[in-house]
Each structure stands twice: as structure tokens, then as C-alpha cells.
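Everything below concerns the one structure shown next.
Order of the sequence lines fixes the chain letters, A, B, ..., with proteins taken first and strands second; residue numbering starts at 1 for each chain. Keep in mind it's a predicted model, so treat the numbers as computed, not measured.
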Number of protein chains: 2
Amino acid sequence: MLNCGDSAVNLSGAAPIFSALGDPVRLAIVARLCKDGPLPTIELKQCADGVSRQGVTKHLQVLEEVGLVESDRTGRDRQWRLQAQQLVAVRDYLGWISAQWDQRLELLRAFVEDDA
Amino acid sequence: MLNCGDSAVNLSGAAPIFSALGDPVRLAIVARLCKDGPLPTIELKQCADGVSRQGVTKHLQVLEEVGLVESDRTGRDRQWRLQAQQLVAVRDYLGWISAQWDQRLELLRAFVEDDA
DNA sequence: TTCATGAGCAACCTCCTAGTTGCTCGTTTT
DNA sequence: AAAACGAGCAACTAGGAGGTTGCTCATGAA
């Protein structure tokens, strides 16, 4: 478990979320929900160009499985909203991982300067 | 194109990178390269538990295609190193996208407080 | 009440992906 | 020189992912 600040993200937990974000349609859906807040399925269908309603539903289910979105049905249609914690967690994971990289670069720089 | 600061990341460009990071083996490889710097294939094979050398090579090629790593051959073995720009770009993309979310929350909060 | 709309479920198809094995080639090492 | 090691290439396989169609159901609007 890699503890980085208040959001503890382990590697095996992050991969499925990246995988979920790895499809252009799903990424567009997440981006849309970030921008415009809770939306019904039909509205999110516009994110997927030429994909059927069932196709979009499948994508939404994938996002739901990894906890990136949640939904409840209000009457006839289903409202989808973002679960920001997961997004923040994976963002922080990338931040943490690239911080390690920066640290390595810094060490290398210091080493070279010492040597010179 | 979604311009966020100095790294301009568009949505369709980010998806393949997320996809590449979406496999646990590949994510482990990237994390390893972040931590320990350039490494030969054989060393990175340890990141993939029980996967053959060719399997690992395939993963590395996927990472190379999306520009997350690059390599060159030194004598008998091939050295792999991280290309941090892509990692930083996708990190910033997530930062930008979740900032939009925060902004929406803030607007909502302000609206509720005004209404009360 | 009737009809249109949004959604759920199940079956199906196709293609890509992760993984394998087998072989060859060049480079170290002994 | 011979053996061992890292790597590249090609063919193949199993399974999952993305997508579809067809049908049914409930709800909201005419």
C-alpha cells in the first residue's frame, strides 16, 4: 500500500480505474459529468458518437463498477453523478508517482554537480 | 483541445495513455521506472508476476507506443527509461478535469448559501 | 387512455488483447 | 571455442471488451 497524504492508493487499486478511463467514450462521459454535473443517460449518450443507448449503458456500468460514478433512478430516467473521490485518488496517485520521478532527477542532478 | 497551462492535453490523446496505464503489469513497470530509473527488460520482468519475457516485452511496446517509455539497446540487453512528459501531461489532465468538478461544487455551495 | 420515451435484460458477434511456445540471432562469459 | 544469456520475430490461442439487435417494462405526456 502506497500511502500518499490522506488518500491511500495502492497500485492494484489504481489500474482498474485507469483502465476505465482508458476508453475515449468513458473519458468523455467523465469529463462531461465534471463539467455539467449529474445528467441522465440519454444526455450522456451525446458523448458517444454513434454508439447505441445500450452501448452507453455498458460504459456507464464499467465506470460504476470502479466507483467513478454512481446513479439512481428518478422516475423514468436514471441520473448519473460523478464520485470525485476516485478521481482525486487516481490523480494523487499519478502525482505521487511523478514526484518520485522528480526526486530521482534531483538526486541525479546533485550527483552530477558533486562529481563536476 | 483542452488547454490547461503549459501542457495542452486533448481528450482523445489522453485516453490511450490511460488505457496503457490500465494494466496492472504496465502500471507496475511505470511505477518501478519512476522509482529506480532506467532498467533492462529482464529487471522489469520482476514487475510482472509469472509472465514470460515476451509477455513483458509486449507490455513495454504498448508503453512505448503511447510515449510513456523509450528504450535503446546497449550491447546484449535493452534499457528502458521513463518519458516523464506524458506522465505529467496526463496527471495535469486529471488535475484540470477535477478542478472543473471543484468549481462546480463551489458554484453549487454559493448558490445554496445565497438561497438560504 | 393511449402512445412515446427511457431504461433493463439477454443473446449474440467481432475484434483486440494478454498470454503463450518455438525458433533464431547476437553478445557476453567462461 | 563453447556455453549461456538477453532479445527479436512469428504463429497461435483463449478470453474479454465493445458493440449490436430484439424484446419487455414502467413512467410521463397527449
Side-chain angles (χ1 to χ4, degrees), chain A residues 11-33 36-82, chain B residues 11-33 36-82:
Chain A
L11 193 140
S12 52
I17 303 182
F18 281 124
S19 180
L21 292 175
D23 182 279
V25 170
R26 289 195 292 265
L27 190 52
I29 288 175
V30 169
R32 181 80 203 285
L33 284 176
D36 300 330
L39 292 169
T41 311
I42 285 291
E43 193 71 20
L44 292 170
K45 188 175 171 300
Q46 298 177 348
C47 298
D49 200 37
V51 177
S52 67
R53 181 183 57 83
Q54 285 83 349
V56 174
T57 298
K58 278 196 179 180
H59 281 301
L60 285 165
Q61 283 168 350
V62 171
L63 290 173
E64 193 171 33
E65 271 168 21
V66 300
L68 275 169
V69 302
E70 57 184 3
S71 69
D72 52 331
R73 218 173 149 165
T74 57
R76 188 169 47 175
D77 49 356
R78 179 172 290 277
Q79 287 281 114
W80 297 90
R81 74 190 99 79
L82 197 74
Chain B
L11 193 141
S12 52
I17 303 181
F18 281 124
S19 180
L21 293 174
D23 182 279
V25 170
R26 288 196 292 265
L27 190 52
I29 288 174
V30 169
R32 181 81 202 285
L33 285 177
D36 301 331
L39 292 169
T41 312
I42 284 291
E43 192 72 20
L44 291 170
K45 187 175 171 301
Q46 297 176 349
C47 298
D49 198 37
V51 177
S52 68
R53 180 184 57 81
Q54 287 82 349
V56 175
T57 298
K58 279 196 177 182
H59 281 301
L60 286 166
Q61 282 168 350
V62 170
L63 289 173
E64 193 171 35
E65 272 168 22
V66 300
L68 274 169
V69 301
E70 55 184 4
S71 70
D72 51 332
R73 217 173 150 165
T74 56
R76 188 170 47 176
D77 49 358
R78 179 172 289 277
Q79 287 279 115
W80 297 90
R81 75 190 98 80
L82 197 73

Next on the checklist: So if I take the C1' atoms of five pairs at each end of the helix from C:dT1-D:dA30 to C:dT30-D:dA1 and get each local axis, what angle do the two axes make, rounded to 10 degrees?
Outcome noted: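 Taking the rotation axis at each end, their angle is 30°.
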How far does [atom1] of [X] sit from [atom2] of [Y], to the nearest 0.5 angstrom?
X	Y	atom1	atom2	value
A:Ile17	B:Phe18	CD1	CZ	11.0 Å
A:Leu39	A:Leu82	CG	CG	11.0 Å
B:Ser19	A:Leu27	OG	CG	11.0 Å
B:Arg78	B:Leu44	CZ	CG	12.5 Å

Item to check | B:Arg73 side chain near C:dT27 phosphate (N/O to OP1/OP2, under 4.0 Å) | outcome: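 B:Arg73 to C:dT27 OP1/OP2: no side-chain N or O under 4.0 Å.
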Checklist entry - Which residue, B:Gly75 or B:Val62, contacts DNA chain C at a nucleotide closer to its 5' end, judged by nearest heavy atom? => result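 Closer to the 5' end of DNA chain C: B:Val62.
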Next on the checklist: With the threshold set at under 4.0 Å for non-hydrogen atoms, list the residues of residues 40-59 of chain A touching DNA chain D in residue-number order.
Outcome noted: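 Listed by number, they are A:Gly50, A:Val51, A:Ser52, A:Gln54, A:Gly55, A:Lys58, A:His59.
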Next on the checklist: If the condition is salt bridge (charged side-chain N to carboxylate O under 4.0 Å, His left out), which residues does A:Arg81 pass it with, not counting sequence neighbours?
Outcome noted: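 A:Arg81: salt bridge (charged side-chain N to carboxylate O under 4.0 Å, His left out) contacts with A:Glu70, A:Asp72.
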Item to check | B:Arg32: salt bridge (charged side-chain N to carboxylate O under 4.0 Å, His left out) partners, not counting sequence neighbours | outcome: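 For B:Arg32 the salt bridge (charged side-chain N to carboxylate O under 4.0 Å, His left out) partners, ignoring immediate neighbours, are B:Asp36, B:Glu43.
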Spacing between [X] atom [atom1] and [N] atom [atom2], to the nearest angstrom:
X	N	atom1	atom2	answer
B:Asp72	C:dT27	CG	P	15 Å
A:Asp23	C:dC16	CG	P	14 Å
B:Leu27	C:dA18	CG	C1'	16 Å
A:Gln61	C:dA7	CD	C1'	11 Å

Checklist entry - Hey, which of these two, A:Ser19 or B:Trp80, hits DNA chain D nearer its 5' end, going by closest nucleotide? => result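 First, find each residue's nearest nucleotide; the 5'-ward one identifies B:Trp80.
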Give the table of side-chain donor-acceptor pairs shorter than 3.5 Å for residues 57-68 of chain A, with sequence neighbours excluded, one pair per line with atom names and distance.
from: A:Thr57; atom 1: OG1; to: A:Arg53; atom 2: O; distance (Å): 3.0
from: A:His59; atom 1: ND1; to: A:Arg26; atom 2: NH1; distance (Å): 3.1
from: A:Glu64; atom 1: OE2; to: A:Ser71; atom 2: OG; distance (Å): 3.3

Next on the checklist: If you compare all heavy atoms of B:Asp77 against all heavy atoms of B:Pro40, which two are closest, and at what distance to 0.1 Å?
Outcome noted: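 Shortest heavy-atom contact: OD2-CB, 3.9 Å.
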Item to check | chain B footprint on DNA chain D, 5' to 3' - any atom under 4.0 Å from a heavy atom | outcome: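 It runs D:dC5 to D:dC9.
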